[in-house]
There are 2 protein chains.
Amino acid sequence: MSQRNTCVSDQAMHAKACTVREVLDRVGGKWSIGVIIEASRAPVRFTELERAITGISRRMLTLTLRNLERDGLLTRTVYPTVPPKVEYTATDMARELYDSLVTLTDWADRHRAAIAASREAYDHRTAAAGTPGDR
Amino acid sequence: MSQRNTCVSDQAMHAKACTVREVLDRVGGKWSIGVIIEASRAPVRFTELERAITGISRRMLTLTLRNLERDGLLTRTVYPTVPPKVEYTATDMARELYDSLVTLTDWADRHRAAIAASREAYDHRTAAAGTPGDR
DNA sequence: CAGTATCCTCAACGATACTG
DNA sequence: CAGTATCGTTGAGGATACTG
């Protein structure tokens, strides 16, 4: 994701915000969630992921996989064959994380319409403010 | 946040990944969560937020507030006094979101140690690979 | 007080040629 | 097949002077 840990020296209740940031720093990247979901179903190979995740570049797939592996969210298994075969599998920790994320999708589902409406209203307001004459 | 909506043209189950991204695009910013938490307790003024949230710049506070207001997560109330007084309050939608985030903090709390250990192990491994001689 | 306007930096991401 | 190595782009975020 985009930001570093600013939690040091934070006081009291900010602990909550920081804990959330910990998670976000881990899965906030553009592709992390997609990879975790794919690797949660069954072991997946590099090329399979590349095809399954629309729009991801080879470089970003590699980086995402390495970071997730480093955090213990993915297991990387190399079969020393020719040509090489590598499989990625989500760990239990990652599956748990995915389950927790369901709570968030519920929230999004419930409020998607309200948010869209709020945005439209806001944009309409500010557009009106930006157009002095309005005619 | 860093990334645009790539959900268009996505198929079947990727809907889940996209719904998560919707939330992340909204709250994934470096400061959004902190602002929501502060504004969930009670109405807060601009300067109060600036002091409460360690490290935030004036510019980012403004941007974060505007985005959250646009999405209907914050209410902005202006008291036409001199000097001006502006209060920000979290909406019910935002409080609900915050409640959902608790699930994530639980996950982080449970696995913080495991993640740290995994990272250290990974870094040690790759460091060893990078140091040919090792002595 | 509550912002806006400017300028700048840097890390995330994208594209793609090359390789064990 | 499963990557790595390079180069280029973009936008999030930071610092800060100025203003109604």
Side-chain angles (χ1 to χ4, degrees), chain A residues 1-7 17 21 24-35 38-39 43-70 74-89 126 129-130 132, chain B residues 1-7 21 24-35 38-39 43-70 74-89 126 129-130:
Chain A
M1 137 113 13
S2 337
Q3 50 265 344
R4 268 322 61 215
N5 190 358
T6 327
C7 293
R21 284 243 52 83
L24 263 41
D25 286 344
R26 219 141 267 129
V27 272
K30 187 171 179 177
W31 308 107
S32 306
I33 300 289
V35 170
E38 293 295 331
V44 210
R45 301 181 61 172
F46 188 89
T47 313
E48 288 175 332
L49 284 168
E50 203 174 5
R51 273 194 301 261
I53 303 173
T54 320
I56 196 171
S57 71
R58 195 155 288 180
R59 193 183 94 95
M60 284 318 293
L61 179 53
T62 303
L63 284 178
T64 305
L65 288 171
R66 293 292 172 274
N67 283 327
L68 293 177
E69 186 197 355
R70 183 169 111 102
L74 285 187
T75 304
R76 179 170 177 269
T77 314
V78 183
Y79 298 91
T81 59
V82 174
K85 175 178 175 181
V86 179
E87 277 185 348
Y88 293 91
T89 316
T126 57
Chain B
M1 130 118 21
S2 338
Q3 49 265 346
R4 260 338 47 223
N5 190 359
T6 327
C7 293
R21 284 243 53 82
L24 263 42
D25 286 345
R26 216 142 271 126
V27 179
K30 187 171 180 179
W31 308 107
S32 307
I33 299 288
V35 170
E38 292 296 331
V44 211
R45 301 182 61 172
F46 188 90
T47 312
E48 288 176 333
L49 285 168
E50 203 173 6
R51 273 194 302 259
I53 304 173
T54 320
I56 195 171
S57 70
R58 196 155 287 180
R59 193 183 93 94
M60 283 318 293
L61 179 53
T62 304
L63 283 178
T64 305
L65 289 170
R66 293 291 173 275
N67 284 326
L68 292 176
E69 187 197 354
R70 183 169 110 102
L74 285 187
T75 305
R76 180 170 177 267
T77 315
V78 183
Y79 299 90
T81 59
V82 174
K85 175 179 176 181
V86 180
E87 277 184 349
Y88 293 91
T89 314
T126 57

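Computed over heavy atoms, backbone and side chain alike; hydrogens, waters and symmetry mates excluded. Protein chains get the first letters and strands the later ones, always in sequence-line order, with residue 1 at the start of each.
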Look at the side-chain N and O atoms of [X] and state whether any lies under 4.0 Å from the OP1 or OP2 oxygen of [N].
| X | N | answer |
| --- | --- | --- |
| R45(A) | dG3(D) | no |
| T47(A) | dA2(D) | yes |
| Y88(B) | dG3(C) | yes |

Legend entry - Close side-chain approach of R76(B) to V78(B), heavy-atom, < 4.5 Å: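 Answer yes - side chains close enough.
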Legend entry - Non-hydrogen side-chain atoms of L61(B) and R59(B) separated by less than 4.5 Å: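 L61(B) vs R59(B): side chains apart.
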Tell me: [atom1] of [X] to [atom2] of [N], nearest whole Å?
| X | N | atom1 | atom2 | answer |
| --- | --- | --- | --- | --- |
| Y79(A) | dG20(C) | OH | P | 25 Å |
| W31(B) | dA15(D) | CH2 | C1' | 13 Å |
| R21(B) | dC13(C) | CZ | C1' | 12 Å |
| L49(B) | dG3(C) | CG | P | 10 Å |
| D25(A) | dA12(C) | CG | C1' | 13 Å |
| R51(A) | dG3(D) | CZ | P | 14 Å |
| K30(A) | dT9(D) | NZ | P | 17 Å |
| E50(B) | dG14(D) | CD | P | 13 Å |

Legend entry - Watson-Crick or G-U pairs under 3.5 Å in DNA chain C, rendered as dot-bracket with [ ] for crossing pairs and | for another strand: ||||||||||||||||||||
Legend entry - From L74(A), L49(A), I53(A), V35(A), residue fulfilling side-chain contact (heavy atoms from CB on, under 4.5 Å) relative to V44(A):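 So, applying the side-chain contact (heavy atoms from CB on, under 4.5 Å) to V44(A) and each of L74(A), L49(A), I53(A), V35(A), only L49(A) qualifies.
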Inset, instruction - Could you grab the distance from atom CG of N67(B) to atom OG of S32(B), nearest 0.5 Å is fine? - result: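 Interatomic distance, N67(B) CG to S32(B) OG, rounded to 0.5 Å: 7.0 Å.
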Please find the pair of heavy atoms, one from [X] and one from [Y], that lie closest to each other, and give the distance.
| X | Y | result |
| --- | --- | --- |
| E50(A) | R58(A) | OE2-NE, 2.9 Å |
| A17(A) | G34(B) | CB-CA, 4.3 Å |
| W31(B) | T54(B) | CZ3-O, 3.6 Å |

Inset, instruction - Give a yes or no on whether the backbone of M60(B) and the side-chain of T64(B) come within a donor-acceptor separation of less than 3.5 Å. - result: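 Here the side-chain-to-backbone pair exists.
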Legend entry - Neighbours of DNA chain C within residues 58-68 of chain B, by heavy-atom distance under 4.0 Å: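 Correct list: R58(B), R59(B), T62(B), R66(B).
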Legend entry - From dG3(C), dG14(C), dA2(D), nucleotide with atom closest to S57(A) side chain: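 Within the option list, the nearest is dG14(C).
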Legend entry - Under the side-chain contact (heavy atoms from CB on, under 4.5 Å) test, residues paired with E87(B) that sit two or more places apart: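 Scan of E87(B) (side-chain contact (heavy atoms from CB on, under 4.5 Å), adjacent residues dropped) gives P43(B), R45(B), Y79(B), K85(B).
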